[in-house]
Amino acid sequence: MKLIPNLDPIDKRAIQELGIPGILLMEEAGRNVAAKVLHLAEKLEMRRPQVTLVCGKGNNGGDGFACARKLAMAGTLQVVVIHAGLPEEMTGDTLANFKLLKNYPVTTIHAVMDDQISETLATSDIVVDALFGSGLSRSIEGYHRDLVNAINDCGAYTVAVDLPSGVHSATGEVMGVAVQADYTVTFAAPKPGLYLYPGKGYAGQVDVVDIGIPPTLIEADPSRIYLMTPKMIRNRMPKHHGLSHKYSYGSVLVIAGSHDMPGAAAMVAKAALKSGAGIVTLASVESAFERVQLPPEIICHSLPETAEGVIKPEAFEALASLWEKTTTVAFGPGLTHSESAQQFTERLLQFLVHQFEGPVVIDADGLNCLSMLSHVPKFSPRFVLTPHLGECARLTGIDKHAIQNDLLSACRQTAEKYNATVALKSASTVIYGSNQRMWINPTGNPGMATAGSGDVLTGIVAGFLAQGLPPDRAARVAVYLHGLSGDKAAEALTEYCLTATDLIEYLAEAIQTVQA
């Protein structure tokens, strides 16, 4: 599903090139929001509830005015409009819709913050937020800030028009303050900020509605940002066929682990196997194998280690016998970023870049060691990097806070610097892949913020790479299923009790869900 940060250019094309009246688009927007409010009032079994609409002076406010008129026409609600702008500050279709309100049973109040505003909001059953739309580009200040805080404090069920006021439509950043919505009715195409934290946490349930903009205009928009959906994942799953054997589904070589972190290596290998890889070989230090119990299906290959239980640089030679049958490499978790591990990493990456032809996924300490190299390797998109925010900061030099505020930009910059496919892990994981396209993942929950969760993702990515999926497709499928596994596990175990190994156990249920 295509995501478009700002519909203004599309609105203008619809009006100027196709001759669709702007006031008709506003009417459809208002009608759709009103239909949601009426349904909500009926569902909550309210007897003549009060609905208060807080409207700005721009087009978002105009949508709110149109909604207020539709609600008044229904005759089942007490409708109050708090308008943050004076009529002389409004123009065009917004002003026209405001003037129409005088013909309907709607109480209008100018939004000068005083006791009347607070009391009106406090007595409201439902509040409709139509203060600011996708055009907001600066922090909310002054009485607008007070108004947003009053909405959040009033305790009413809140429906946002297009997106919650204060949420940046492109990044999800909170612009000073933001309305905490229970439900968001967004128009024509969803906005990235509704699916990127912290904005996602303010949006509540999101409903995308048609307001009469032709699909051709949506398709022609230059945005390359997409939301992953179950249908997308189902159609991109690898196909299994009757005349297959274990090598049909690839051979994954996992290079990971140390004496102190044997579990990281084990989880990568288990997840790759559970994802459908035909053969999984775990290459790790001997002391790691002594500390974990592995499934019997995993092949073990011991590597030389230092006295501290960390991989030696000469371990690279010990991998020589494995390359012939290896189709995919997963590298990094649990290696440490010691000097010894860095030297090993440099030798391994040189080989993977110049001599190995298969796909490679690099995570955790593999990325940390990569960030410490004096020379940045020239990868290709067959390399999949899966950094979390801290690792991304080390790889790029971008401040961690800045990365969180604009995940899409940070993911793109990382991919461009390393010429690789990148899955930037966060509460809303984003992926940069082929043709400069980016995808936002909607699955997952806070219970997945637990040790080893990223290691499991590394293994799932490797498993789908081994089965022949192109790198960005493997990353999408893996990230979506990884999050969905977490959702299934949380349903059964609660977010509090979820552990990384549970993600592996619930992977089958996640796959069954997308294939249903």
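Keep in mind that the numbers below use all heavy atoms, side chains included, and drop hydrogens, waters and symmetry copies.
Residues Thr421 and Leu385 fail the side-chain proximity criterion, which asks for heavy atoms closer than 4.5 Å. You'll find the side chain of Met438 stays beyond 4.5 Å of the side chain of Ile431, heavy atoms only. You'll find the side chain of His83 stays beyond 4.5 Å of the side chain of Ile109, heavy atoms only. Taking 4.5 Å as the limit, every side-chain heavy atom of Glu173 sits out of range of all side-chain heavy atoms of Val167. No side-chain heavy atom of Tyr226 sits under 4.5 Å from any side-chain heavy atom of Met1. Taking 4.5 Å as the limit, every side-chain heavy atom of Pro192 sits out of range of all side-chain heavy atoms of Thr171.
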Side-chain donor/acceptor pairs under 3.5 Å, residues 156-166, sequence neighbours excluded:
residue: Thr158; atom: OG1; partner: Ala156; partner atom: O; Å: 3.2
residue: Asp162; atom: OD1; partner: Thr186; partner atom: OG1; Å: 2.9
residue: Asp162; atom: OD1; partner: Phe187; partner atom: N; Å: 3.1
residue: Asp162; atom: OD1; partner: Lys191; partner atom: NZ; Å: 2.8
residue: Ser165; atom: OG; partner: Asp129; partner atom: OD1; Å: 2.6
residue: Ser165; atom: OG; partner: Asp129; partner atom: OD2; Å: 3.2
residue: Ser165; atom: OG; partner: Phe132; partner atom: N; Å: 2.8
residue: Ser165; atom: OG; partner: Phe132; partner atom: O; Å: 3.3

Between side-chain atoms of residues 472-482 and protein atoms elsewhere (two or more places apart, or another chain), which donor-acceptor pairs fall under 3.5 Å?
residue: Asp472; atom: OD2; partner: Ser434; partner atom: N; Å: 3.0
residue: Asp472; atom: OD2; partner: Ser434; partner atom: OG; Å: 2.6
residue: Arg476; atom: NE; partner: Asp472; partner atom: O; Å: 3.4
residue: His482; atom: NE2; partner: Ser453; partner atom: O; Å: 2.9
residue: His482; atom: NE2; partner: Ser453; partner atom: OG; Å: 3.4

Which pairs of donor and acceptor atoms, one on a side chain in residues 193-210, lie under 3.5 Å apart (sequence neighbours left out)?
residue: Lys200; atom: NZ; partner: Pro442; partner atom: O; Å: 3.2
residue: Asp207; atom: OD2; partner: Tyr183; partner atom: OH; Å: 3.3
residue: Asp210; atom: OD1; partner: Gly212; partner atom: N; Å: 2.8

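Under a 3.5 Å cut-off, the side chain of Glu28 and the backbone N or O of Leu24 do not form any donor-acceptor pair. Side-chain atoms of Asp455 do not come within 3.5 Å of backbone N or O of Pro333 as any donor-acceptor pair. Side chain of Arg394 to backbone of Asn368: no donor-acceptor contact under 3.5 angstrom is found. Using a distance-only test at 3.5 Å, with no hydrogens or angles considered, a donor-acceptor pair links the side chain of Asn445 to the main chain of Gly486. A donor-acceptor pair under 3.5 Å links the side-chain atoms of Glu391 to the main chain of His388, judged by distance alone. Using a distance-only test at 3.5 Å, with no hydrogens or angles considered, a donor-acceptor pair links the side chain of Asn152 to the main chain of Ala178. Remark: the backbone N or O of Ala489 is not paired with any side-chain donor or acceptor of Glu509 at under 3.5 angstrom. Side-chain atoms of Tyr143 come within 3.5 Å of backbone atoms of Ala84 as a donor-acceptor pair (strictly under, hydrogens ignored). Remark: the backbone N or O of Met232 is paired with a side-chain donor or acceptor of Thr229 at under 3.5 angstrom. In this structure, Lys102 contributes its side chain and Lys99 its backbone to a donor-acceptor pair below 3.5 Å.
Atom CD1 of Ile511 is separated from atom CD1 of Ile460 by 8.0 Å, given to the nearest 0.5 angstrom. Between the CG atom in Leu389 and the OG atom in Ser426 there is a gap of 6.0 Å [rounded to 0.5 Å]. Between atom NZ of residue Lys488 and atom CD of residue Glu505 there is a gap of 16.0 Å, rounded to the nearest 0.5 Å. Residue Ile4 holds its CD1 atom at 13.0 Å from CZ of Arg224, rounded to the nearest 0.5 Å.
No side-chain donor from either of Thr429 and Asn441 sits under 3.5 Å from a side-chain acceptor of the other. Thr52 and Gln50 share a donor-acceptor pair across their side chains, judged by distance under 3.5 Å alone. Of the N and O atoms on the side chains of Thr123 and Glu119, not one donor lies less than 3.5 Å from an acceptor on the other residue. Side-chain polar atoms of Thr499 and Asp502 form a donor-acceptor pair below 3.5 angstrom.
Of all non-hydrogen atoms in Pro238 and Gln467, the two that sit nearest each other are CG-OE1, 3.5 Å. Contact detail for Lys425 and Asp363: the closest heavy-atom pair is NZ-OD1, 3.0 Å.
Among Leu53, Thr107, Thr108, Val37, the single residue meeting the side chain to side chain contact (heavy atoms under 4.5 Å, CB included) criterion with Val79 is Leu53.
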Inset, instruction - With side chain to side chain contact (heavy atoms under 4.5 Å, CB included) as the test, would you mind laying out the steps for Ile403 and Leu424 before giving the verdict? - result: CA-CA 10 Å; Ile403 293 172; Leu424 177 52; 4.1 Å; yes

Inset, instruction - Would you sort out whether Ile362 and Val384 count as a side chain to side chain contact (heavy atoms under 4.5 Å, CB included), showing the intermediate values? - result: CA-CA 6 Å; Ile362 307 176; Val384 180; over 6 Å; no

Inset, instruction - Would you sort out whether Arg69 and Glu27 count as a salt bridge (Lys or Arg N to Asp or Glu O under 4.0 Å), showing the intermediate values? - result: CA-CA 10 Å; Arg69 178 162 40 84; Glu27 187 80 359; 2.8 Å; yes

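Within the structure, ring-ring contact (aromatic ring centres under 6.0 Å, His included) pairs that include any residue of residues 49-81 comprise Phe65-Phe98 (at least two apart or interchain).
Taking the side chain to side chain contact (heavy atoms under 4.5 Å, CB included) definition, one finds that Asp399 meets it with His401, Ala402, sequence neighbours left out. Taking the side chain to side chain donor-acceptor pair (under 3.5 Å) definition, one finds that Glu17 meets it with Arg13, sequence neighbours left out.
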